[in-house]
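My questions all concern the structure below.
Note that this is a predicted model, so its numbers are computed, not measured.
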Protein chains: 2
Amino acid sequence: MKVTMKDIAKEAGVSVATVSHVINGTKNITEPKRSKVLEIIEKYHYVPNSTAKNLRTQSTKTAAMVVSSFTDSFVNGMIYGVEQKAREMGYSLLLVNTNEDEEYEKKSINLLYSKMVDGIILSPTSNDINYLNDFTESMPIVLVNRYNPVVKNAPRVTGDNFRVGYDATSHLIQHGHRNIGVIYAVPNVSTTEGRLAGYRQALEENGIMYDEEHLELGYATVEGGAKAAETLLKKEKDITALFIQNDLMTIGVISKLKELGLKIPENIALIGFGDSPSAAITAPPITNMVLPPQQIGAKAFESLSKLINGETHVENIELPASMVVRKSCGCE
Amino acid sequence: MKVTMKDIAKEAGVSVATVSHVINGTKNITEPKRSKVLEIIEKYHYVPNSTAKNLRTQSTKTAAMVVSSFTDSFVNGMIYGVEQKAREMGYSLLLVNTNEDEEYEKKSINLLYSKMVDGIILSPTSNDINYLNDFTESMPIVLVNRYNPVVKNAPRVTGDNFRVGYDATSHLIQHGHRNIGVIYAVPNVSTTEGRLAGYRQALEENGIMYDEEHLELGYATVEGGAKAAETLLKKEKDITALFIQNDLMTIGVISKLKELGLKIPENIALIGFGDSPSAAITAPPITNMVLPPQQIGAKAFESLSKLINGETHVENIELPASMVVRKSCGCE
DNA sequence: TCCTAGTGGTTAATCGTTTAACCTGATAAT
DNA sequence: ATTATCAGGTTAAACGATTAACCACTAGGA
């Protein structure tokens, strides 16, 4: 049998209230009793049942983070950031992986809603998150990375994806490229859309016609990248530069280009996204656009804790993008 | 205010017990009442408070997985395997990252012990896990990947690490190497020890003297790998092959070898560990020893659920190793 | 001496469910 | 007609903590 507070109280010859008070320091308990209680607790390795505590206090000191993938290094960075901050603030973290499955995402949010957690950090699978409005009034939710302005009462923390697309494209244009292809992974999410808007704007400012045929969608895997590169380059033979929005895909693209006998950056210049360690080590090293995932995660948890503590309006946060120049863009 | 079962009962004109029975199907409730209840539930978006349910049923349908890192791709694979299986069996998963911090691991287990979860899957930080014996009697725990036989009542599921070390070493020896260096990341854990034992055995069977100086410890990062390679090769100039036990380190080793002007596999042959997608894409592609992380994870959850369901003795499981031959070992 | 204030400790209500035990009618069996 | 069986539904006791309200006692002040 599991030992409860009642057992401790009985053995120490005090009431359960007293035991509770010595554990939580909610009232001054004088010496003979106090240490007796502590001693019995020690003796039985007693640890309070948090299920009961949760029910009584209506709080679990647990937050959930719902992400669409575990294998993505950017997502991993965000998780790390949230983890750190949560730990720092005395929270546990319930991680849920939706695997880019919208239905599973809804189900998970519903499950989480049953008071198992004090709040949710969500990186949505798609743009289609109207359903969240059923929850945001009674459950603290913050959106991270991806978002959709239709959701009310849920602050967001994101990266400056417009800038990611804009700077990458501008950089390539400055190096003389005018036919720039884009390989991307997830349609209909704010991140992709932001980057494409930046791409478009950069083209426009330089008097280059936007051509939808220069965009290629693929799966966010090594093979997906290789395949996307192949079909795009077969279709659009004048492309001289590629902006690839996912680091796994970049690896696939590189291998495909080698296979096709195309030299990087001489025949095709490359700019990738993310800061996975392999970027510096491939041949050639890849120039990347980067957003700070850990920071995004940390800020997200901060926002969430504000919400949990009853702050009524928490503002949106957008973190800046930067560029790590290596060899693949033909700079040096 | 949050709506409770009592509210539903009142509005439907029945008792809370009836509401509970229609929700859980624990008793036959006849038509007029039944649909009335359902209707009210729908109307208020009522969802049962699982905290209360947990307290009453003494079960949370939640398992925890405690790992030492999120950035490691092998660990990621295991998480994925556990996740899948848990979902399949109707469990939620609470993920805890100890960051290779022993103290934090202990604290986490203690926290988890307070009945927040039905069971724990642990990949321990170190070999020093005697403390677990305080828990294994009253909390289902299964060890995954790393283990220590001092822990009683906790079944384990692991990979055949002896074979990993043995096969890698034998393979290199068959290709004529006699001075084989080892770069590894975490001392005093069963995985490392198993692989080193295999390494040693392979040497012995081929009449090669074991030399402790051929082993080099480093951090499990790209830089850690580079650094380890540098100091090892400076110290032991006769080394012609390297067995590297971590995929991030492998990337670092490759870049360092390039920097030193050493060709792979001509000057130094390489065998790595893991199956991260970049292995196929580096120059040259890396020959790897592999263990199936998803399978390990899935099996671990199966064992855990047996434990949770009261099965008293669950046997240990060891999954086989395999080898993916590519260019870095000089085979082709 | 009497009153007030403060301190240490206990009693009992409460959080929102589940579920064993009980009750009430109706139906079936004798 | 009497009893046994059964099915649908309710009552109330848990589950294990927290905490407001209360009580008894001591000490200090007037």
In whole Å, what is the span from the NZ atom of B/K6 to the P atom of D/dT10?
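Taking atom P of D/dT10 as the reference, NZ of B/K6 is at 16 Å.
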At less than 4.0 Å, is any side-chain N or O atom of B/T57 found next to OP1 or OP2 of C/dT18? Yes or no.
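It does not, given that no N or O in the side chain of B/T57 lies less than 4.0 Å from OP1 or OP2 of C/dT18.
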Establish whether the base of C/dT18 is bridged to the side chain of B/R56 by a donor-acceptor pair shorter than 3.5 Å.
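Pair found.
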Look at B/S20 and C/dT18 and indicate whether a side-chain polar atom (N or O) is within less than 4.0 Å of OP1 or OP2.
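Checking B/S20 against C/dT18: at least one side-chain N or O falls below 4.0 Å of OP1 or OP2.
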Please evaluate the base of C/dG8 for a donor-acceptor partner in the side chain of A/K33 within a cut-off of under 3.5 Å?
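Result: no qualifying N/O pair found.
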Ion pair A/E83/A/R87, N-O distance below 4.0 Å
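A salt bridge is present here (some side-chain N lies under 4.0 Å from a carboxylate O).
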CG of B/N24 versus C1' of C/dT17: gap in Å, rounded?
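In whole Å, C/dT17 C1' lies 9 Å from B/N24 CG.
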What residue among A/K85, A/Q84, A/M65 forms side chain to side chain contact (heavy atoms under 4.5 Å, CB included) with A/L93?
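The option that passes is A/M65.
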Nearest of D/dC15, D/dA17, C/dG8 to any side-chain atom of A/T4?
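Within the option list, the nearest is D/dA17.
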Give a yes/no answer on whether the side chain of B/N49 brings an N or O atom under 4.0 Å of OP1 or OP2 in C/dC15.
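No, because none of the side-chain N or O atoms of B/N49 sits under 4.0 Å from OP1 or OP2 of C/dC15.
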Might you confirm whether atom CD of A/E31 has over 12 heavy atoms from other residues, nucleotides or ligands at distances under 6.0 Å?
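Yes, because the 6.0 Å sphere around CD of A/E31 holds more than 12 heavy atoms from other groups.
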Under 3.5 Å, is there a donor on one side chain and an acceptor on the other for B/Y131 and B/E102?
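Not at all, the side chains of B/Y131 and B/E102 share no donor-acceptor pair under 3.5 Å.
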B/A52 or A/I29: which one's nearest nucleotide on DNA chain C is closer to the 5' end?
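Result of the comparison: A/I29.
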How many whole angstroms separate atom CG of B/L55 from atom C1' of C/dT18?
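Taking atom C1' of C/dT18 as the reference, CG of B/L55 is at 10 Å.
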With a non-hydrogen cut-off below 4.0 angstrom, is A/T30 in contact with a base, only sugar-phosphate, or nothing?
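Sugar-phosphate contact only - A/T30 comes under 4.0 Å of backbone atoms but never of a base.
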Taking for each residue the nucleotide of DNA chain D bearing the nearest heavy atom, is the 5' side occupied by A/T51 or by B/V16?
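First, find each residue's nearest nucleotide; the 5'-ward one identifies B/V16.
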Rounded to the nearest angstrom, tell me the gap between atom CE in A/M5 and atom P in D/dT19.
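Answer to the nearest Å: 11 Å.
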In whole angstrom, what separates B/K27's NZ from D/dT11's P?
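Distance check: B/K27 NZ to D/dT11 P gives 13 Å.
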Roughly how many Å is it from CD1 in B/I8 to P in D/dT10, rounded to a whole number?
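B/I8 atom CD1 is separated from D/dT10 atom P by 15 Å.
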Within this structure, what is the NZ-to-C1' distance between A/K53 and C/dC15, rounded to whole angstrom?
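From A/K53 NZ to C/dC15 C1': 15 Å.
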Would one find a side-chain N or O of A/Y46 under 4.0 angstrom from OP1 or OP2 of D/dG16?
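It does not, given that no N or O in the side chain of A/Y46 lies less than 4.0 Å from OP1 or OP2 of D/dG16.
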Contact under 4.0 Å: B/Q58 side-chain N or O vs D/dA14 OP1/OP2:
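No, because none of the side-chain N or O atoms of B/Q58 sits under 4.0 Å from OP1 or OP2 of D/dA14.
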Between A/S138 and A/Y113, is there a side-chain donor-acceptor contact under 3.5 Å, judged purely by atom types and distance?
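The answer is yes; a qualifying pair exists.
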Rounding to an integer number of Å, can you tell me how far B/H21 NE2 sits from D/dA7 C1'?
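Going from B/H21 (NE2) to D/dA7 (C1'), I get 13 Å.
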